**Q** 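The structure under discussion is supplied below as structure tokens; questions concerning it will follow.
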Amino acid sequence: MTDLAIALLAVLVLGVAVLAAVVLRAVWIVPQARARNVERFGRYSRTLEPGISFVVPFVDRVKSPIDLREQVVSFAKQSVITEDNVVVHIDTVLFFQVTDPRAADYEIVDYIEAIEQLTATTLRNVIGTLDLEATLTSRDRINTALRGVLDDASGKWGIRVTRVEIKAIEPPPSIKDAMEKQMRAEREKRAAILTAEGGRQAKILTAEGEKQAAILRAEGAQRAAVLEAEGQATAIRNVFAAVHEGDADPKLLAYQYLQTLPKLAQGEGSTFFVIPSEVTTALQAVAEAFGGTLEGARPLPEHVGREGRLR
């Protein structure tokens, strides 16, 4: 191979390389949800949208891609002083999205750092107007205030802040101990109150039960007494009815009277029993029934009464 052929081959290879470089620098493929800014002679020219695009090689410079998706950034803990001079550490999480690639590239050097610093200063301003208790219980208020300030300030940077969340609020250890003691005291107080209420309710229910039981016992005793009295009255009426209907002989009645007398002295410790004055009349009737007489059977004097005593 002659020197001329070698030179031609070298020129051909060099030409192919140059053409390939030109094609590679002229054709750009931008992925979905990405954007690239193009500078021509150092000035902003246009923004490449997702898809295939063509630029002028060695004249246009295509910058780094910018993500257009919603992004999440977790910032480091920020030391903030509350209105009552308590230092708390707050972690924040920021959700944002690039809406203008040109402004995000040329209006601010580093929009992530800018948003972080703006979040810190805004957080100090908001927390400085709240005491510790309000800081711990007003997360929605803090989130809304942060989002409003960040969204207004980052609008000129081509950034839209969609959401700001307080991830954690950590008070000092001494405040934590005091809060834990307070919570423990509150729980013990509620437990004591519940225990007292339970005991009180139990006593009330017990008293109500005893009251109802006493009422039921009294009603039962009253009902039993009424039924017993009604039963005795019915029995007496039946006996009297039977006696009148049967026209009992006085001798039989006197005999029954005598059979009842021993029962009067069956009780323990009985030393005397009362004998009605009609017993003498009953004894005389018995004696006459068997053909005898009962001497000395006469009624008691009037001043003694109608009852006598037998020792």
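What you see is a predicted model; the values in this text were computed from it and never measured.
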**Q** Measure the CD-CZ distance between Glu70 and Arg160 for me, rounded to the nearest 0.5 Å.
**A**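 It is 7.0 Å, given to the nearest 0.5 Å.
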**Q** Cluster question for you: counting only ILVMFWY and a side-chain heavy-atom cut-off of under 4.5 Å, with indirect links fine, are Phe96 and Leu68 together?
**A**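 Same cluster.
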**Q** Could you tell me which non-hydrogen atom of Arg34 sits nearest to which non-hydrogen atom of Arg69, and how far apart they are?
**A**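 That would be NH2-NH2, 3.1 Å.
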**Q** How long is the span from the CG atom in Asp60 to the CG atom in Asn37, to the nearest 0.5 Å?
**A**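 Rounded to the nearest 0.5 Å, the CG-CG separation comes out at 12.5 Å.
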**Q** Same cluster or not: are Val149 and Tyr111 linked, directly or through other Ile, Leu, Val, Met, Phe, Trp or Tyr residues, by side-chain heavy atoms under 4.5 angstrom apart?
**A**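 No, Val149 and Tyr111 fall in different hydrophobic clusters.
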**Q** Tell me whether Phe41 shares a hydrophobic cluster with Tyr44, the cluster being built from Ile, Leu, Val, Met, Phe, Trp, Tyr side chains joined at under 4.5 Å.
**A**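 No, it is not one cluster - the side chains of Phe41 and Tyr44 are not joined through contacts under 4.5 Å.
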**Q** Could you tell me the separation between the CD atom of Glu133 and the OG1 atom of Thr137, rounded to the nearest 0.5 Å?
**A**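 Reported to 0.5 Å precision, the distance equals 6.0 Å.
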**Q** Of all heavy-atom pairs between Thr135 and Ile169, which one has the smallest distance, and what is that distance?
**A**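 Minimum heavy-atom contact is O-CD1, 3.5 Å.
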**Q** Rounded to the nearest 0.5 Å, how far does CD of Gln201 lie from OG1 of Thr206?
**A**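 It is 10.0 Å, given to the nearest 0.5 Å.
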**Q** Just how far is it from atom CG of Leu94 to atom CD1 of Ile159, taken to the nearest 0.5 Å?
**A**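 So the CG of Leu94 and the CD1 of Ile159 are separated by 9.5 Å.
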**Q** Working to the nearest 0.5 Å, report the span between CD1 of Ile108 and CD of Glu113.
**A**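 Answer for the CD1-CD pair, Ile108 versus Glu113, is 8.5 Å.
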**Q** I'd like to know whether CD of Gln71 has more than 12 heavy-atom contacts from other residues, nucleotides or ligands below 6.0 angstrom.
**A**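 Enclosed.
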**Q** Before accepting this row, confirm whether a basic side-chain N of the pair Lys63/Glu39 lies closer than 4.0 Å to the acidic partner's carboxylate O.
**A**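 Between Glu39 and Lys63 there is a salt bridge, with a charged N closer than 4.0 Å to a carboxylate O.
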